2 protein chains.
Amino acid sequence: MTILSQIESTLPNLSKAESKVAAYILEHPKQTMSRHIGELSKEIGVSEPTVIRFCRTLGLDGYKSFKLSLAQSLPQTSEQLLVDITHNDSPLKIGQKIIDSAIASLQETRKNLDSPQLGKAIEALLRAERIEFYGQGGSGIVASDAQQKFFRLGTPVVAYSDPYIHCVSATLLTPGCAVVAVSHSGSSTDLLHSVKLAMENGATTIAITARQSVLAETADIVLPIDVQEDSTHYAPIKSRMSQLALLDTLAIAIAVAREDEQDLTERLSRSNDALAHKHSQNLSQ
Amino acid sequence: MTILSQIESTLPNLSKAESKVAAYILEHPKQTMSRHIGELSKEIGVSEPTVIRFCRTLGLDGYKSFKLSLAQSLPQTSEQLLVDITHNDSPLKIGQKIIDSAIASLQETRKNLDSPQLGKAIEALLRAERIEFYGQGGSGIVASDAQQKFFRLGTPVVAYSDPYIHCVSATLLTPGCAVVAVSHSGSSTDLLHSVKLAMENGATTIAITARQSVLAETADIVLPIDVQEDSTHYAPIKSRMSQLALLDTLAIAIAVAREDEQDLTERLSRSNDALAHKHSQNLSQ
DNA sequence: ACAATAATGTAGTTTAACTACAAATTATAT
DNA sequence: ATATAATTTGTAGTTAAACTACATTATTGT
């Protein structure tokens, strides 16, 4: 857990002044890093000791260690980010650059996670009687991965990466179905066509794709993944990672929700048993 | 580029005392973070201003900004890591936890990247006349992904996720072939069997799997991915991400190497042309 | 409404980061 | 080889930021 999510979780337990501090830091983490306690406290409108007390509440030593923790959970500043791969890079350097870019992409995705769309997507998938994943090329693999993950959750689920096949499948959908279209660019006409077909048949469509894309505009629910096109080398793995992370989130969220449902029915039946038992006791008295 | 790699690259230009500082920090980055300038300079055996000068040489403002940069490039301390997903987690929280765990896993992989095995793997794949990727279940998808990536690099390449198929394929291999076996646990007997068959036929085998596993002990070259079994929820995506990053690294490293070769032959032929031209000029004089 | 407790701020203290300058080392030129 | 210039390193002093003790103000319960 990063320091920022830790702040979020302790927010409700904080006093008025301290939660002002928390709110400011959550909104301006980067600025916080470069300010010293005097500037920061003035900016927020509290006293210096309040800031220190806030740091202590989080379990840290003081403002210094807080700033260090904050720096650790913050992504690298953009200037030192992502130099493209050159011909004199060693394999080690190539690997490091790729992993750095993947991490940056995941952090970006993490930031954009907090949207009502996520909840809507989960709800739609929970309700769906049948789920189909469509994706072409690299995203086809992501679709297959999703299929494997959703497979165990009880709902019938398939993944298609062939344009012709998912087009045909889309025509056979019914209102109880959900379609998840995965695409890096969101501009594949084949995929778009299948999504439109699915919508015509009343299926709920979820797009995991670039925010500014035809696919995103078309689908019912959009989970945006915006990968800056900084490099031909990095782009594929960046979108792949973010897509996988998002689908994993959906799968686990649904698994958790289903388990809760089961628990609930189990608890209900158990409580019914208990009631019945009690009833028979009453009768025998 | 992280601050640590920046230190590495500036190391040759540093004076004696400053390179002592650099060497210490590269070896003990974590300790450095918690020390203040006095402690650090005493520990290294230089004066405080020397440390400050070192920070300035790196282009930073002073020791404070240096510590901040260092913190940013250092992975989170393990204690604040990864609480498992619980039933009362919101979808947002689930997503954040999943992404955090994926990032942690990638950082771990990044650390273990620097090994002669990586170079060996690239060399073997560069030499190979034919490459086969084997992986089962979740790793099967990674194998397919690798197949797509390596596809454009010129070498014939296939991916098999069916145990029976890759077993048959392994019997048909020749010494010029390379096999990349991808497995989270490294304990699949089917996969192990196919790798052994491939080795018997003289193929070079590369394993992307847990360091402590039968598969790792068997294969010619091992690219280890050690995912702590901290959670059933996180484990799959962690290994998936690291596997993808490693295979991407291999693919791009090979692409870069091949381009260099092409450049070289191109440059050679161009220089030959130039020579021929010059020769004819000499003749005509 | 008043007391008690918690929360916040003010003023002072300590500590760590930084600066100016001096000493020592190294390099270079005669 | 030696002297001088330039660079490097360290010492001592200064500044500024982080932290502490205590006073004041809000908040809660009786």
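These numbers come from a predicted model, not from an experiment. In the text below, chain A, chain B and the rest are named by the order of the sequence lines, each starting its count at 1.
- The nearest pair of heavy atoms linking A:E43 to A:Y24 is CG-OH, 3.2 Å.
- Note that the first and last nucleotides of DNA chain D, 5' to 3', having any atom under 4.0 angstrom from a heavy atom of chain A are D:dA17 to D:dT27.
- One atom, CZ of B:F54, and another, P of C:dA17, lie 15 Å apart when rounded to the nearest Å.
- At a non-hydrogen distance threshold of 4.0 Å, A:E48, A:P49, A:I52 from residues 40-52 of chain A come into contact with DNA chain D.
- If you measure from atom NZ of A:K67 to atom C1' of C:dA16, you get 13 Å, rounded to the nearest angstrom.
- Atoms CZ (A:R53) and P (C:dG9) sit 8 Å apart, rounded to a whole Å.
- Nearest heavy-atom pair across A:P91 and B:T249 is O-CG2, 3.9 Å.
- Looking only at distances, a side-chain donor or acceptor of B:Q117 sits under 3.5 Å from a matching main-chain atom of B:V222.
- Between A:D100 and B:R110, some side-chain heavy-atom pair lies under the 4.5 Å cut-off.
- A ring-ring contact (aromatic ring centres under 6.0 Å, His included) check over residues 95-121 of chain A, counting only residues at least two apart or in different chains, returns nothing.
- The interatomic distance linking B:R35 (CZ) with C:dA17 (P) rounds to 13 Å, in whole Å.
- The separation between B:E39 atom CD and C:dT15 atom P is 13 Å, rounded to whole Å.
- Across A:A124 and A:I206, no two heavy atoms sit closer than the pair CB-CD1, 4.4 Å.
- Taking every heavy atom of both residues into account, A:Y63 and A:T32 meet most closely at OH-O, 3.6 Å.
- Contact detail for A:A102 and B:L106: the closest heavy-atom pair is CB-CD1, 4.0 Å.
- Atom NE2 of A:H36 and atom P of C:dA16 are 18 Å apart (whole Å).
- The pair A:D220-A:K120 does not meet the salt-bridge criterion, since no charged nitrogen lies less than 4.0 angstrom from a carboxylate oxygen.
- Toward the 5′ end of DNA chain C lies the nearest nucleotide of B:G62, the other residue of the pair B:G62 and B:K16 mapping further downstream.
- In this structure, A:L14 atom CG and C:dA7 atom P are separated by 10 Å, rounded to whole Å.
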